[in-house]
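Read through the structure below, which is laid out as structure tokens, and then see the notes.
Numbers here simply count residues along the sequence, with the first being 1. Atoms considered below: every heavy atom in the structure, side chains included; atoms not considered: hydrogens, waters and symmetry mates.
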Amino acid sequence: MLMPDTSVVSRLIARYRAQEHRLLHAPHDEQARRTFEDTAYTLCVLMCERTAREAVLAAERYVRLQMASGPQNLTSRTTAEGC
């Protein structure tokens with residue numbers, strides 16, 4: 001299974017968290033909501049998760065494991081699971 005680049009995942013997590021914060025302070029801002037939902041969807045697809053919450057947690061876990069183990073090939077899923 002191909003795994004995403006750690007730097008891409010890290011940037012998406014940072015973007016997701018910043019947009020989440022912005023949306024909490026301006027819940028009626030439609031542009032902020034659309035941008036947040038687009039980022040959440042991207043994380044879901046990238047991390048092969050069904051919800052934004054699961055995706056961001058999986059992304060944070062993935063980055064943490066990659067940083068701890070270095071450039072080794074880490075896959076916590078088997079190819080049989082798929083997306």
Side-chain angles (χ1 to χ4, degrees):
M1 172 186 250
L2 291 175
M3 297 304 288
D5 181 25
T6 307
S7 63
V8 171
V9 177
S10 295
R11 282 193 306 269
L12 273 171
I13 292 168
R15 187 179 308 155
Y16 176 89
R17 292 297 184 195
Q19 291 168 356
E20 179 181 49
H21 184 72
R22 179 178 172 205
L23 193 57
L24 286 172
H25 286 21
H28 301 293
D29 183 342
E30 288 299 318
Q31 181 60 40
R33 179 167 305 282
R34 279 192 298 276
T35 304
F36 175 73
E37 289 173 355
D38 286 347
T39 302
Y41 177 78
T42 302
L43 269 172
C44 287
V45 170
L46 195 63
M47 299 311 298
C48 196
E49 296 291 347
R50 290 181 181 256
T51 68
R53 179 81 175 144
E54 291 171 348
V56 76
L57 292 175
E60 289 170 340
R61 187 171 46 251
Y62 174 73
V63 169
R64 191 172 45 251
L65 286 172
Q66 288 290 77
M67 294 301 188
S69 69
Q72 296 172 349
N73 182 14
L74 278 183
T75 55
S76 60
R77 303 167 191 252
T78 64
T79 55
E81 287 181 34
C83 284

Contacts of Q31 meeting side chain to side chain donor-acceptor pair (under 3.5 Å) (sequence neighbours excluded), chain-then-number -> R34, T35
Checking T6 now: which residues fulfil side chain to side chain donor-acceptor pair (under 3.5 Å) with it, not counting sequence neighbours? none
Keeping the roles fixed (side chain from Y62, backbone from P4), state whether a donor-acceptor pair exists under 3.5 Å. yes
Short side-chain to backbone donor-acceptor contact, R33 and H28, under 3.5 Å: no
Flag side-chain contact, heavy atom, 4.5 Å: V56 against E60: yes
Rounded to the nearest 0.5 Å, what's the gap from [atom1] on [X] to [atom2] on [Y]? Could you check?
X: S10; Y: Q66; atom1: OG; atom2: CD; result: 9.5 Å
X: T39; Y: E20; atom1: OG1; atom2: CD; result: 11.0 Å
X: F36; Y: L24; atom1: CZ; atom2: CG; result: 8.0 Å
X: L23; Y: H25; atom1: CG; atom2: NE2; result: 11.0 Å
X: C44; Y: E37; atom1: SG; atom2: CD; result: 11.0 Å
X: H21; Y: R17; atom1: NE2; atom2: CZ; result: 12.5 Å

Considering all heavy atoms of both residues, which atom of A58 and which atom of E49 are nearest to each other, and what is their separation? CB-OE2, 3.9 Å
Other hydrophobic cluster members with V45, side-chain heavy atoms of Ile/Leu/Val/Met/Phe/Trp/Tyr under 4.5 Å, chained? Y41
